[in-house]
Amino acid sequence: MLSDVSLRLRIFLFFVLLACGGFTIVSVALAFGYRSALTEGVANGFILAGIISGFGLLGLAIGIWLLFDENVAKPIQSLSTTLRARAHAGVDVKVDTHSARFLGDLAHAAEAVSLKLSSTTTDVAGMVALETDALVAQREQLAAILTEVPVAILLISPEHRIVLYDGQAAGTLAQIAPPRLNAVIFDYVAREQLIAAYNRLVKTGIETKFKATCPDRRVSFDARLKPLQGAHSYLLLIDEAHAMIAPDDTRPLTFDFELLADQPTSDLSQRKLDQISFVIFDCETTGLLPHKDELVQVGAVRVHRNKIIEGEHINRLINPGRPIPSSSSRVHHITDAMVLDAPTPKSVVNEFHHFARDSVIVAHNAPFDMAFMHRHGNQMNITWSNPILDTVLLSAILFGTTERHTLDALCDRLGVTIEPALRHTALGDATATAEALCRMLPMLAARGYTTLGDVLAQSRKHGRLLDDLN
């Protein structure tokens, strides 16, 4: 009946309802007050009329607010987040015109704009895809050429951070710690050795050879520094014999040349979100009690500039040193036989600690997963100084606290697909969470939360959600 009523008239009707309801309540209250005044005195009549009016108006206000919240405020909030998701995160989700049916033509107008935006985006994406295909082909050719070069190659920025590494270099670095784009090279090569060679490089301007060892002296290799013209960046070249990879293994080329131009502030909280490396992880466990249960799998991926860095991940089964309950195996499908020869929890936690160095750690319901990391870290004197972001709280910031914030609900809202076979696997859930994060980061920036400090401050406002989950 009201399907053709405009939004302005609908809102006007709320105020009409408020006025009529208030008039009715006050009239009824005066009638009761008058009757009371005749039998119990004028004062009692006024008091009774006041009490009835007060509680009646309060109830009316609450009732109308609930109607307004359910039929206007929530649909508008949902509409705005859907449009932001499509505009800033490229999420192809339809406007829910049914829940917004009381907003008049607003929902249909938003859907029309959204479809037009999607059409334009598709056209642009098609043109970008053509150029991307050409770049991918060139990248594959470059990777193939570098594979034939009998050295491992790393490009290092003036701030001594890794800007590029090839497959051979990844194999070499993996002997020390998981390879990481944007990592400080001193995580892999002893600082004093590299600085001494770098100073000779800057002074002479010619290639410099030196004997390199990792910080704990476990691994050593012959290395060279080669200057790049017109900059203080340089190439670190390592003899291929040190790369522990088979000749037929894939050797991807990992790089981000924009890191050469980045000059982020030393205060991590003031860095822009696109200048931060994020490590997203998930754990599978023997149970739901972090103080007594144990890890059986850890999966982690890295994100930089709103993209998952291909090839940089951890996917480790863990021997918990105890039987895995059948109730837990039914969830994550990990059995005692699968972890029989797997590494210990402490070994994998230490590997993850290296992997997450200088990064912001992200998880869905992070307190649960981090509880295991803190417990083992305390036993190994590992300090977890990384800032922590929780995608449950990021979801609350963007979509409101009244929405569901499970990983499945979040992925559904953001158009992230989790393959059924990968759900409740550590790497599968970590990857899904990372894809959701990549969509949420530009949405957060569009809301004005452009730095890590901004996002952390907003997250603290919704911390009670995690208390309810745990």
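All values reported here derive from a predicted model rather than from experimental measurement. Just so you know, residue 1 is the first one in the sequence shown, and it goes up from there.
- Under a 3.5 Å cut-off, the side chain of Asp390 and the backbone N or O of Asn365 do form a donor-acceptor pair.
- Side chains of His364 and Thr391: a donor on one and an acceptor on the other come within 3.5 Å.
- No donor-acceptor distance shorter than 3.5 angstrom exists from the side chain of Arg423 to the backbone of His332, with no hydrogens or angles considered.
- Using a 4.0 Å cut-off between charged side-chain N and carboxylate O, Glu312 and Arg180 make no salt bridge.
- Ion pairing between a basic and an acidic side chain is recognised when a charged N comes within 4.0 Å of a carboxylate O; Lys272 and Asp274 show no such pairing.
- The local environment of CG in Leu288 is sparse, with at most 12 non-hydrogen atoms from other residues, nucleotides or ligands closer than 6.0 Å.
- Listed for the His354 side chain is no donor-acceptor partner under 3.5 Å among the backbone atoms of Val349.
- At distances below 3.5 Å, not a single donor-acceptor pair connects side-chain atoms of Asn386 with backbone N or O atoms of Val360.
- Put simply, the side chain of Val301 does not reach to within 4.5 Å of the side chain of Ile309, judged on heavy atoms.
- The CD atom of Glu284 sits 11.0 Å away from atom OG of Ser329, with the distance rounded to the nearest 0.5 Å.
- A distance of 13.5 Å separates CG of Leu398 from CZ of Arg439, quoted to the nearest 0.5 Å.
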(request) Report the C-alpha distance between Ile25 and Leu60 in whole Å, list the side-chain angles of each, state the deciding distance to 0.1 Å, and finish with yes or no for side-chain contact (heavy atoms from CB on, under 4.5 Å). (result) CA-CA 9 Å; Ile25 289 171; Leu60 177 65; 3.8 Å; yes
(request) Show your working on side-chain contact (heavy atoms from CB on, under 4.5 Å) between Lys292 and Arg375 and close with a plain yes or no. (result) CA-CA 10 Å; Lys292 61 185 296 186; Arg375 194 184 81 200; 5.8 Å; no
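- Across every non-hydrogen atom of Ile276 and His304, the tightest pair is O-ND1, 3.3 Å.
- Residues Ala170 and Pro179 share a closest heavy-atom pair of O-CG, 4.1 Å.
- A distance-only check finds no donor-acceptor pair linking the side chain of Ser347 to the backbone of Thr344 [under 3.5 Å].
- Looking at heavy atoms from C-beta onward, Asn350 lies out of side-chain contact with Phe352 at the 4.5 angstrom threshold.
- Looking at Tyr188, its side chain never comes within 3.5 Å of a backbone N or O of Ala174 through a donor-acceptor pair.
- Side-chain N/O atoms of Asp454 and Thr451 include a donor and acceptor closer than 3.5 Å.
- Rounding to the nearest 0.5 Å gives a distance of 10.0 Å between CZ of Phe372 and NE2 of His291.
- Legend: residues meeting side-chain hydrogen bond (donor to acceptor under 3.5 Å, both in side chains) with Thr450, ordered by chain and number and at least two apart, are absent.
- Heavy atoms only, all atoms of each residue included: Ala169 and Ile153 are closest at CB-O, 3.5 Å.
- The side-chain contact (heavy atoms from CB on, under 4.5 Å) test with His313 singles out one residue from Ile308, Leu427, Ile280, Val279, and that residue is Leu427.
- For Arg322, the CZ atom is densely surrounded, since the number of other residues' heavy atoms within 6.0 Å is greater than 12.
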(request) Walk me through it: do Leu441 and Phe278 pass the test side-chain contact (heavy atoms from CB on, under 4.5 Å)? (result) CA-CA 11 Å; Leu441 289 175; Phe278 299 91; 3.8 Å; yes
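- Side chain of Asp336 to main chain of Ile324: a donor-acceptor pair is present (N/O by atom type, distance under 3.5 Å, no hydrogens or angles).
- Looking at heavy atoms from C-beta onward, Leu67 lies in side-chain contact with Leu17 at the 4.5 angstrom threshold.
- Inter-residue side-chain proximity for Leu394 and Val455 is flagged as met; some heavy-atom pair is nearer than 4.5 Å.
- Closest non-hydrogen pair, Val296 versus Val339, comes out as O-CG1, 4.3 Å.
- A donor-acceptor pair is defined here as one N or O able to donate and one able to accept, closer than 3.5 Å; such a pair exists between the side chain of Thr172 and the backbone of Gln168.
- Using a cutoff of 4.0 Å between basic side-chain nitrogens and carboxylate oxygens, Lys307 and Asp256 are not scored as salt-bridged.
- Residues Glu403 and Leu410 fail the side-chain proximity criterion, which asks for heavy atoms closer than 4.5 Å.
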(request) Before giving the answer on side-chain hydrogen bond (donor to acceptor under 3.5 Å, both in side chains), spell out for Thr286 and Asp293 the whole-Å C-alpha distance, their side-chain angles and the decisive distance to 0.1 Å. (result) CA-CA 6 Å; Thr286 59; Asp293 283 305; 3.1 Å; yes
(request) Report the C-alpha distance between Thr417 and Cys411 in whole Å, list the side-chain angles of each, state the deciding distance to 0.1 Å, and finish with yes or no for side-chain contact (heavy atoms from CB on, under 4.5 Å). (result) CA-CA 7 Å; Thr417 301; Cys411 289; over 6 Å; no
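- A side-chain N or O of Glu294 and one of His376 form a donor-acceptor pair less than 3.5 Å apart.
- Between Glu351 and Lys346 there is no salt bridge, since none of the side-chain N atoms of the basic residue sits less than 4.0 Å from a carboxylate O of the acidic one.
- At least one side-chain heavy atom of Ile176 sits under 4.5 Å from a side-chain heavy atom of Phe221.
- Ring centers of His160 and Phe186: under 6.0 Å apart, within the cut-off.
- Taking both residues in full, the closest heavy atoms of Trp384 and Gly377 are given as NE1-CA, 4.0 Å, listed atom of the first, atom of the second, then distance.
- Of the options Arg404, Arg413, His462, a side-chain hydrogen bond (donor to acceptor under 3.5 Å, both in side chains) to Ser395 is made by Arg413 and by none of the others.
- Listed for the Arg357 side chain is no donor-acceptor partner under 3.5 Å among the backbone atoms of Ala183.
- Formation of a donor-acceptor pair under 3.5 Å by the Ser157 side chain with backbone atoms of Glu159 is found in this model.
- Residues Gln297 and Asn315 are in side-chain contact: their nearest non-hydrogen atoms beyond the backbone lie under 4.5 Å apart.
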(request) Determine, step by step, whether Phe255 and Phe257 satisfy the ring-ring contact (aromatic ring centres under 6.0 Å, His included) criterion, reporting the C-alpha distance in whole Å, the side-chain angles of both residues, the deciding distance to 0.1 Å, and the verdict. (result) CA-CA 6 Å; Phe255 63 89; Phe257 291 126; 4.9 Å; yes
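- Note that the CG atom of Asp408 and the CG atom of Asp429 stand 8.0 Å from one another [nearest 0.5 Å].
- By the 4.5 Å heavy-atom criterion applied to side chains, Thr285 and Phe368 are counted as neighbours.
- Within the model, atoms CG of Asn182 and CD of Gln275 stand 10.0 Å from one another, a figure rounded to the nearest 0.5 Å.
- To the nearest 0.5 angstrom, Leu452 atom CG is 6.5 Å from Ser269 atom OG.
- In plain terms, the two heavy atoms of Ala363 and Asp369 that are nearest each other are CB-OD2, 4.2 Å.
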